[in-house]
Chemist: 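Take a look at the following structure, please.
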2 protein chains.
Amino acid sequence: MSDGKTTRANAALGAVTMSTIGRLAGVSQVTVSRALSTPSKVSPQTLERIHEAIRQTGYVPNALAGALASRRSRLITALVPSITNIVYSSLLHGFSQILRNDGYQIMLAECGFDPEEEERLIATMLSRRPDGMLLTGIHHTPASRKMLMGADIPVVEVWDISETPIDVCVGFSHVAAGAAVGEFAGQQGHATALTITAADERAHRRRAAFAEAFARTGGQNVVRVDCAGAASLGVGRGAFAQAVADHGFTHGVVFCSSDLLAHGVLIEAQAQGMAVPGQVAVIGFGDQDYAAAVEPALTTVKVDRDELGRVAAAQMQRRILGETLETSVIDLGFSIIRRASA
Amino acid sequence: MSDGKTTRANAALGAVTMSTIGRLAGVSQVTVSRALSTPSKVSPQTLERIHEAIRQTGYVPNALAGALASRRSRLITALVPSITNIVYSSLLHGFSQILRNDGYQIMLAECGFDPEEEERLIATMLSRRPDGMLLTGIHHTPASRKMLMGADIPVVEVWDISETPIDVCVGFSHVAAGAAVGEFAGQQGHATALTITAADERAHRRRAAFAEAFARTGGQNVVRVDCAGAASLGVGRGAFAQAVADHGFTHGVVFCSSDLLAHGVLIEAQAQGMAVPGQVAVIGFGDQDYAAAVEPALTTVKVDRDELGRVAAAQMQRRILGETLETSVIDLGFSIIRRASA
DNA sequence: AACCGGAATGAATGCGCAAACATACGTCTC
DNA sequence: GAGACGTATGTTTGCGCATTCATTCCGGTT
């Protein structure tokens with residue numbers, strides 16, 4: 001026992017440390033450390049005594065101290081615009097599950113859609129010395145980029161693809177997705193389109209690509225309704241009602257930036273007695289679990305979020321292991337799921 | 001400068017520490033520490049030099065080391081059954097916001113509805129030495145309780161109330177809520193009720209209380225459908241279809257354990273041509289934002305989740321400041337929001 | 001018998017910071 | 001002008017652990 005003084009101080013504070021356990025088991029602190037991280041290097045009898053001491057005291061290792069000493073925190077931070085938005089939280093599901101199995105903890109934070117707020121959060125998160133970081137989207141402030149590159153940890157950007165990723169990015173092209181829906185709508189022979197778009201930069205990129213492709217494929221005109229806040233069923237209803245009332249939208253195709261908005265449109269169209277898809281065709285985005293369950297079932301754009309989370313996790317693992325990745329941009333694509341609504 | 005050796009080692013590793021900053025600014029490490037935590041104790045000129053050095057190097061403080069030295073991590077962990085379930089994630093919203101303003105970071109984890117999994121997560125979370133912990137629900141394994149009481153940190157349990165909280169609990173009585181809906185349904189003169197309940201222990205307590213109160217208030221019989229997995233719109237539709245097909249449920253009141261399930265019931269009832277609320281009355285739980293936006297608008301039980309998050313945060317703050325609280329159980333109640341569906 | 005090599009353990013050190021204590025140099029008071 | 005006090009800084013120490021480098025003890029070799 002090397003640290004009589006230390007353990008006395010601990011006792012006064014009531015804190016149980018590795019030294020406490022060691023003293024109870026008749027070994028030194030190092031042996032306890034080994035028993036927990038590399039048990040094969042400790043004899044079975046010693047291991048048993050150590051575990052007994054841990055059981056008796058209810059000892060919980062101090063990961064802060066461990067991380068400080070080893071320079072590995074086994075912590076991965078994730079930054080999403082909104083945890084209440086199922087698009088992002090479901091993506092995290094696959095991601096966390098895989099990394100949890102590797103012994104990593106995920107620390108989550110919500111940055112809204114504001115790059116400045118994101119920058120502040122990146123700074124506080126980096127102060128916890130994570131072993132890796134997951135970001136949503138590819139647009140970050142210059143200061144954020146600088147901090148991240150200086151941090152020298154793997155950074156995975158998801159839900160979009162970029163020519164110039166910070167490190168690795170996994171996602172799909174929002175422009176391609178919007179354009180694909182625009183062509184789909186145009187080919188169905190609609191003359192008029194309505195876009196309902198939430199306050200999300202990526203949604204607006206899809207909208208712009210949609211409008212361009214719709215016009216190119218024979219569409220005549222596009223009515224545009226942008227929503228200020230977060231998407232919700234009520235916002236979708238309201239936006240559609242507004243398009244009908246203010247813009248005289250009575251026939252055509254509606255492209256919503258999320259299934260939630262599209263669902264709101266379905267409800268409002270039904271309330272107004274408009275036939276879907278006969279009079280109004282509705283297309284959502286995201287293929288949420290309810291998209292197939294609504295009436296009529298929703299035509300939408302599917303992005304495999306579970307797969308996205310899994311691939312992001314796999315890339316994170318490989319980067320943590322120090323592998324230099326050949327491809328740093330992974331495009332997972334999307335698909336249009338055609339159901340009854342359009 | 002006391003630590004020439006240390007700084008040399010740092011330089012080799014490329015790590016910027018307080019000593020690095022101090023050297024650049026011509027002061028000691030302590031002064032840098034003071035500049036960041038108590039700037040009023042440092043002269044303006046020194047402060048300026050320190051900030052300049054921080055800017056140049058892109059220094060980010062190491063919160064792990066700070067927490068280890070000060071024994072305060074400025075970290076609060078929260079454990080919820082599911083982050084994709086908006087009931088819990090919206091509750092966290094108010095909670096995080098308040099504590100973030102106090103300089104606390106929130107670390108989130110998802111435990112499903114499994115106490116064993118919760119126990120494992122509590123252990124890993126405690127290893128990060130949080131300054132406080134938020135738990136969902138009041139049922140935890142004995143080992144969990146022991147760890148938490150031993151950790152000597154504030155623990156706030158939310159979304160339920162208990163006779164024997166670990167520390168503080170903030171919520172409402174699920175039994176009282178279920179009973180209130182049961183009476184409400186009985187008084188409307190329905191003879192038959194259908195309960196659709198997700199796999200959630202609290203939801204089942206509400207269901208049982210509902211059935212008891214419904215019978216007491218004149219109800220004749222209760223059809224019971226329990227769902228295995230998580231609630232969703234599709235599951236609600238399916239459960240209602242099953243009740244109609246297998247149990248011959250054609251008239252009466254439906255009490256769902258969540259608004260999501262209730263929404264599914266609305267859609268299925270409409271698809272089957274059943275009038276709501278004329279033939280079938282539907283009652284949800286949670287008062288989600290879409291409850292008012294669906295057709296017909298959903299009658300439901302409202303729990304002020306924002307308020308709940310805020311109160312939980314306030315209690316956490318006070319306990320962290322060391323105040324011994326008079327009341328450790330706070331019942332926030334609930335209310336039945338009567339809309340068109342029942 | 002001298003040697004080797006592996007298994008099990010321990011001593012010493014430092015991760016980056018905050019807290020306690022110490023010092024230097026003023027300014028104000030009687 | 002001696003003491004008291006305040007402001008700005010520095011020195012020292014240790015938080016609890018992982019890492020590195022010994023050390024001891026063993027059975028097996030030659």
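Numbered from 1 within each chain, the chains take letters A, B, ... in sequence-line order.
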Chemist: Side chain to side chain donor-acceptor pair (under 3.5 Å), that's the test. Do B:Ser73 and B:Arg129 meet it? Break it down for me.
Modeler: CA-CA 7 Å; B:Ser73 61; B:Arg129 295 297 187 264; over 6 Å; no
Chemist: Considering the options B:Glu157, B:Glu119, B:Lys146, which one meets the side chain to side chain donor-acceptor pair (under 3.5 Å) requirement together with B:His140?
Modeler: B:Glu157
Chemist: Look for any protein N or O under 3.5 Å of an N or O in nucleotides 18-26 of chain D and output each such pair with its distance, or none.
Modeler:
| residue | atom | partner | partner atom | Å |
| --- | --- | --- | --- | --- |
| D:dA18 | OP2 | A:Ser33 | OG | 2.5 |
| D:dA18 | N7 | A:Gln29 | NE2 | 3.3 |
| D:dA18 | N6 | A:Gln29 | OE1 | 3.4 |

Chemist: What closest approach, in Å, do B:Pro154 and B:Asp167 show between heavy atoms, and which atom pair accounts for it?
Modeler: CA-OD2, 3.2 Å
Chemist: So does A:Ser28 get a side-chain nitrogen or oxygen closer than 4.0 Å to the phosphate oxygens (OP1/OP2) of C:dG10?
Modeler: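 Yes.
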Chemist: Taking all non-hydrogen atoms of both residues, which atom of A:Ile138 and which atom of A:Arg145 are closest, and how far apart?
Modeler: O-NH1, 4.4 Å
Chemist: What are the residues of residues 122-132 of chain A, sorted by number, that bring a heavy atom to within less than 4.0 Å of DNA chain C?
Modeler: none
Chemist: Could you go through the side chain to side chain donor-acceptor pair (under 3.5 Å) check for B:Thr124 and B:Ser127 one step at a time?
Modeler: CA-CA 5 Å; B:Thr124 35; B:Ser127 76; over 6 Å; no
Chemist: Just the rounded figure in Å: distance from P of C:dC17 to CG of B:Asn62.
Modeler: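 Computing the B:Asn62:CG to C:dC17:P distance gives 5 Å.
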Chemist: B:Glu48 CD to D:dA8 C1': how many Å, rounded?
Modeler: 17 Å
Chemist: Any sub-3.5 Å donor-acceptor pair from B:Thr136's side-chain atoms to B:Val158's backbone N or O?
Modeler: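 Not at all, since once roles are kept as given, no pair shorter than 3.5 Å links the two residues.
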Chemist: Just the rounded figure in Å: distance from C1' of D:dA8 to CD of B:Gln45.
Modeler: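 The answer, rounded to whole Å, is 10 Å.
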Chemist: Heavy atoms from C-beta onward define the side chain here; which of C:dC17, D:dC17, D:dC15 lies closest to that of B:Arg71?
Modeler: D:dC15
Chemist: Assess the residue pair A:Met133 and A:Leu126 against the criterion (side chain to side chain contact (heavy atoms under 4.5 Å, CB included)); give the C-alpha distance rounded to whole Å, side-chain angles, the decisive distance to 0.1 Å, and a yes or no.
Modeler: CA-CA 9 Å; A:Met133 196 144 171; A:Leu126 282 181; 4.1 Å; yes
Chemist: Using a cut-off of strictly less than 4.0 Å, decide whether A:Thr31 has a side-chain nitrogen or oxygen near OP1 or OP2 of C:dA8.
Modeler: no
Chemist: Just how far, in rounded Å, is C1' of D:dG16 from CG of A:Leu68?
Modeler: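 Whole-Å distance recorded here is 9 Å.
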Chemist: D:dT7 phosphate, OP1 or OP2: any side-chain N/O from B:Ser43 under 4.0 angstrom?
Modeler: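 No, no such contact exists.
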Chemist: With a 4.0 Å cutoff (strictly under), does any side-chain N or O of A:Tyr59 reach OP1 or OP2 of D:dC17?
Modeler: yes
Chemist: For A:Asp152, is the CG atom crowded, meaning more than 12 foreign heavy atoms sit under 6.0 Å from it?
Modeler: no
Chemist: Grab the two heavy atoms, one from B:Val80 and one from B:Ile83, that are nearest each other, plus how far apart they are.
Modeler: CG2-CG2, 3.9 Å
Chemist: Tell me the interatomic distance from B:Leu64, atom CG, to C:dG14, atom C1', rounded to whole angstroms.
Modeler: 15 Å
